[in-house]
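Lettering of chains follows the sequences in order, A, B, ..., and the numbering in each one begins at 1.
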Amino acid sequence: MSETNTLHAAFAGHVSSALDALEAAGALPAGLNRAAITVEPPRDPSHGDLATNAAMVLAKPAGMKPRDLAEGLVAELAKLPQVTGAEIAGPGFINLRLSREAWLAELRGIATTGADYGRSAVGGGTTVNIEYVSANPTGPMHMGHCRGAVVGDALAALLEFSGHKVVREYYVNDAGGQVDVLARSVHLRYREALGEDIGEIPEGLYPGAYLAPTGHRLATHYGSKFVDAPESDWLVLFRKEAVADMMAMIREDLGLLGIHHDIFSSEAELQAAGKPAEAEAWLRERDLVYDGMLEAPKGKTPEDWEPVELPLFRSTKFGDDQDRPIKKSDGSWTYFGADLAYHYQKAQSADALVDIWGADHAGTVKRIKAAVAAMTGAEGEAIPFEVKLVQMVQLLRDGEPVKMSKRAGTFITLADVVREVGKDVVRFTMLTRKPEAQMDFDFAKVVEASKDNPVFYVQYCHARVSSTLRKAAAEGLGPSGADLELLEEEELELVKLAAQFPRIVEAAAAAREPHRIAFFLHDLAAAFHAYWNLGNDRPEKRFIVVQNGKLTGARLFLATQIGQLVRNGLALLGVEAVEEM
RNA sequence: GCGCCCGUAGCUCAGUUGGAUAGAGCACGAGCCUUCUAAGCUUGGGGCCGCAGGUUCGAAUCCUGCCGGGCGCGCCA
């Protein structure tokens, strides 16, 4: 792993060193908590290139006035060769201006590090397990699964880029009642394959035609031996076979999006291995599971409510609203009972856990967080665990909601959408909104070739760089880092924006928010296009100025690095950059 | 009834995890271009960051309580 010492990272270090110097000189008490100190570009560019709040953050614990502290810091920071201006502003900000050479050096740094620009070691090599998709193995993936799949996958790439080991995991819910339904549905298709007229698929079974091949396969393999056999003879077998086929289909769907998990964990195998039972015993020893009665749900009082004694996990002890059953009255495990053991298993081989769930499961976040806290926090700190909820996507066609009905067979699958608009459009679009906000996916808009469409806008930026380089090559010109001092103010602004990429990546990784990368790319593209447009009216501002080879070389060098940055960002999102449009 | 998410320009949304005078696109207004640097450009107006308190040097951001919208809520997955 190549660690990039980027300009922003360097300045965080410089501020820290300056504080060390003040401490050594006795001008600042030692051992103050510096966690809240930031070094970042101010919103208002007139305030300079970088600003730090260090003086304000430390003033109180140091028992000093912010300005006094700031003066000492300014004196230290002004010694740095890259700093051309350091001043105290507002309530105690320190604003720094950096030399042209400092920015040009960063531009060269992008060229040197290339595809690794933005990569960092902030993750410290810790292992993060990300569980995403985990769609029930009862049919092909539909658009409801798509967003979580993309967000999870982009997050995985982002965390890897930021110095984490990442495990991409899929939890296969192959043990519950819905896979029994699946098995029965397949049994019907099996009979169908043997020539029986099965008529209309009964209510309560999966009607999808995608089950027919499985039925046919079983018919070929087993003949008619299960046609009239009791369910107990075939249920387990049919369940297993059907799940295997469904998972093959789901993997294929995921492959269309470029998504490949490292681990597929089976709920059924987990149960067969006795993991939930182990967890229960462990929890009972600590009085975290007890036999008790659930209260009737409040608000709506169902007539069929009957209190039953069940083994309950004390999730209320960890912030949940109610204790939760881990077993049903028939003795089988609840989803939660198995999921609890599953999370414990994941925690064994990871330093942190992330789950990406659909918003419809929001109600169960507290209990699983409670479970992880209880099971991993028994001795020492509980493992860091986050559940990221992604909101639903509404499909639109020319502004009209696409009507879907599973029964009518008109639901749109993920494969349909990828086929229609392409993997890259799907992936990028899914990241153009923060995950916790609902989003519309309009088939017409996502493929529109206009600046209203962020996918196009960002790709166009990359294509423009490529076409410019092609055109220059035809003129015998190419990028060169030899005369970068010829770059002017407008070009330098572009460099300053580009140089923010590493901190955007770092912040996005820390917040587990890959969509920030997409927004940064859009900003970068906007700045690039704006610069490009200067050349419309002023030919001397174009990238290619034939009569000035040195200037052209410098500008092409800049363009090359912008293109590199777009590729780096898109790579994190799992989107391929295009050479032409 | 309870829980979670959301509420930012007319619309769709960002907002660097507490920073300075809150941003972008669309739409609207005004100019420009008639081109191959093509899938337009420049520029302007537009805000009680849902409301009210609180925390502190400082709040769109954190806390509390309301209002409004969405989702969920039993041993389903």
**Q** Taking the same atom, C1', in rC66(B) and in rG23(B), what whole-Å distance lies between them?
**A**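 Each nucleotide's C1' atom is 30 Å from the other's.
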**Q** Could you let me know what rC26(B) is paired to, Watson-Crick or G-U wobble, both distances under 3.5 Å, or none if it's on its own?
**A** rG10(B)
**Q** Within less than 4.0 Å of OP1 or OP2 of rU12(B), is there a side-chain N or O belonging to Lys434(A)?
**A** no
**Q** Could you work out which one of rG3(B), rC75(B), rA39(B) sits closest to the side chain of Asp321(A)?
**A** rG3(B)
**Q** Lys471(A) has a side chain; which of rC13(B), rA39(B), rU37(B) sits nearest to it?
**A** rU37(B)
**Q** Is Lys445(A) close enough to rG25(B) that one of its side-chain N or O atoms is under 4.0 Å from OP1 or OP2 there?
**A** no
**Q** In this structure, is the centre-to-centre distance between the rings of His47(A) and Phe93(A) below 6.0 Å?
**A**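 No.
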**Q** Roughly how far apart, to the nearest Å, are rG19(B) and rC62(B) at atom C1'?
**A** 14 Å
**Q** Work out how far the P atom of rG45(B) is from that of rA52(B), and round it to whole angstrom.
**A** 27 Å
**Q** Sticking with atom P, work out how far rG69(B) lies from rC26(B), rounded to a whole angstrom.
**A**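 Result for the P pair: 32 Å, nearest Å.
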**Q** Within the modelled atom types, does a donor on one side and an acceptor on the other bring the side chain of Ser329(A) and the base of rC75(B) under 3.5 Å apart?
**A** yes
**Q** May I ask you to verify whether the side chain of Arg43(A) and the base of rU21(B) hold a donor-acceptor pair under 3.5 Å?
**A**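 Between rU21(B) and Arg43(A), which were checked side chain against base, a qualifying N/O pair under 3.5 Å is absent.
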**Q** On a whole-Å scale, what distance lies between the C1' atoms belonging to rC6(B) and rG15(B)?
**A**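 Roughly 16 Å separates the two C1' atoms.
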**Q** Does rU56(B) have OP1 or OP2 sitting under 4.0 Å from an N or O in the side chain of Lys60(A)?
**A** no
**Q** Output yes when at least one side-chain N/O atom of Asn536(A) is less than 4.0 Å from OP1 or OP2 of rA38(B), else no.
**A** yes
**Q** Answer yes or no: is there an ion pair linking Asp180(A) with Arg239(A), defined by an N-O contact shorter than 4.0 Å?
**A**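 The answer is yes: the pair qualifies as a salt bridge.
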**Q** Looking only at atom P, what distance separates rC13(B) and rU8(B), rounded to whole Å?
**A**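 Looking at atom P only, rC13(B) and rU8(B) are 9 Å apart.
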**Q** Identify which nucleotide among rC41(B), rA39(B), rU16(B) has an atom closest to any side-chain atom of Phe456(A), counting heavy atoms from C-beta outward.
**A** rA39(B)
**Q** Identify which nucleotide among rU16(B), rC57(B), rA77(B) has an atom closest to any side-chain atom of Met56(A), counting heavy atoms from C-beta outward.
**A** rC57(B)
**Q** Under 6.0 Å between ring centres, would you say that holds for Phe543(A) and Phe528(A)?
**A**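 Phe543(A) vs Phe528(A): aromatic centres under 6.0 Å.
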**Q** Measure from the side-chain heavy atoms of Gln391(A) and tell me the nearest of rC5(B), rA77(B), rA39(B).
**A** rC5(B)
**Q** In terms of side-chain heavy atoms of Met581(A), which of rG72(B), rA39(B), rA14(B) is nearest?
**A** rA39(B)
**Q** Name the pairing partner of rC33(B), where a pair is Watson-Crick or G-U wobble with both distances under 3.5 Å, or state none.
**A** none
**Q** Can you identify which nucleotide, out of rC6(B), rC57(B), rG3(B), has its nearest atom closest to the Glu436(A) side chain?
**A** rC6(B)
**Q** Ignoring backbone atoms, establish whether Arg433(A) has a side-chain N or O less than 4.0 Å from OP1 or OP2 of rC13(B).
**A** yes
**Q** Between the base of rU37(B) and the side chain of Arg542(A), is there any donor-acceptor pair under 3.5 Å?
**A** no
**Q** Counting distance only, does the side-chain N/O of Asn453(A) pair as donor-acceptor with the main-chain N or O of Lys445(A) below 3.5 Å?
**A**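 Yes.
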**Q** Under 3.5 Å, is there an N or O donor on one side and an acceptor on the other linking the side chain of Asn95(A) and the base of rA20(B)?
**A**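 Side chain to base: pair found, below 3.5 Å.
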**Q** Given the ring of Phe443(A), does Arg397(A) sit roughly above its face, with NZ or CZ under 6.0 Å from the centre of the six-membered ring and within 45° of the axis?
**A** yes
**Q** Taking the same atom, P, in rU21(B) and in rC49(B), what whole-Å distance lies between them?
**A** 14 Å
**Q** Any side-chain N or O of His515(A) under 4.0 Å from OP1/OP2 of rG15(B)?
**A** yes
**Q** Taking rA24(B) as the reference, what is the distance to rG47(B) when you measure between their P atoms (whole Å, please)?
**A**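 Those two atoms are separated by 14 Å.
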**Q** Is the phosphate of rC75(B), meaning OP1 or OP2, less than 4.0 Å from a side-chain N or O of Lys327(A)?
**A** no
**Q** Does the ring of His522(A) lie flat against the base of rA24(B), closer than 5.5 Å centre to centre with planes under 30°?
**A**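 No, the aromatic ring of His522(A) does not stack with the base.
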**Q** Strictly below 4.0 Å: does Arg367(A) bring a side-chain N or O up to OP1 or OP2 of rC73(B)?
**A** no
**Q** We want to know whether Ser46(A) and Asp44(A) form a side-chain donor-acceptor pair, criterion being a heavy-atom distance below 3.5 angstrom.
**A**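 Present: a donor and an acceptor within the cut-off.
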**Q** Check the geometry between His361(A) and rA77(B) and answer yes if their rings are stacked (centres below 5.5 Å, planes below 30°), otherwise no.
**A**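 So His361(A) counts as stacking on the base.
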**Q** Name the closest nucleotide to the Asp452(A) side chain, picking from rC26(B), rC75(B), rU17(B).
**A** rC26(B)
**Q** For the pair made of CG in Asp537(A) and P in rC36(B), what is the distance, rounded to whole Å?
**A**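 In whole Å, rC36(B) P lies 13 Å from Asp537(A) CG.
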**Q** Using the aromatic ring of Phe93(A) (for Trp, its six-membered ring), decide whether it stacks on the base of rA20(B) within the limits of 5.5 Å and 30°.
**A**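 Yes, the aromatic ring of Phe93(A) stacks with the base.
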**Q** Where the side chain of Leu294(A) is concerned, which of rA20(B), rG15(B), rC75(B) is the nearest nucleotide?
**A** rC75(B)
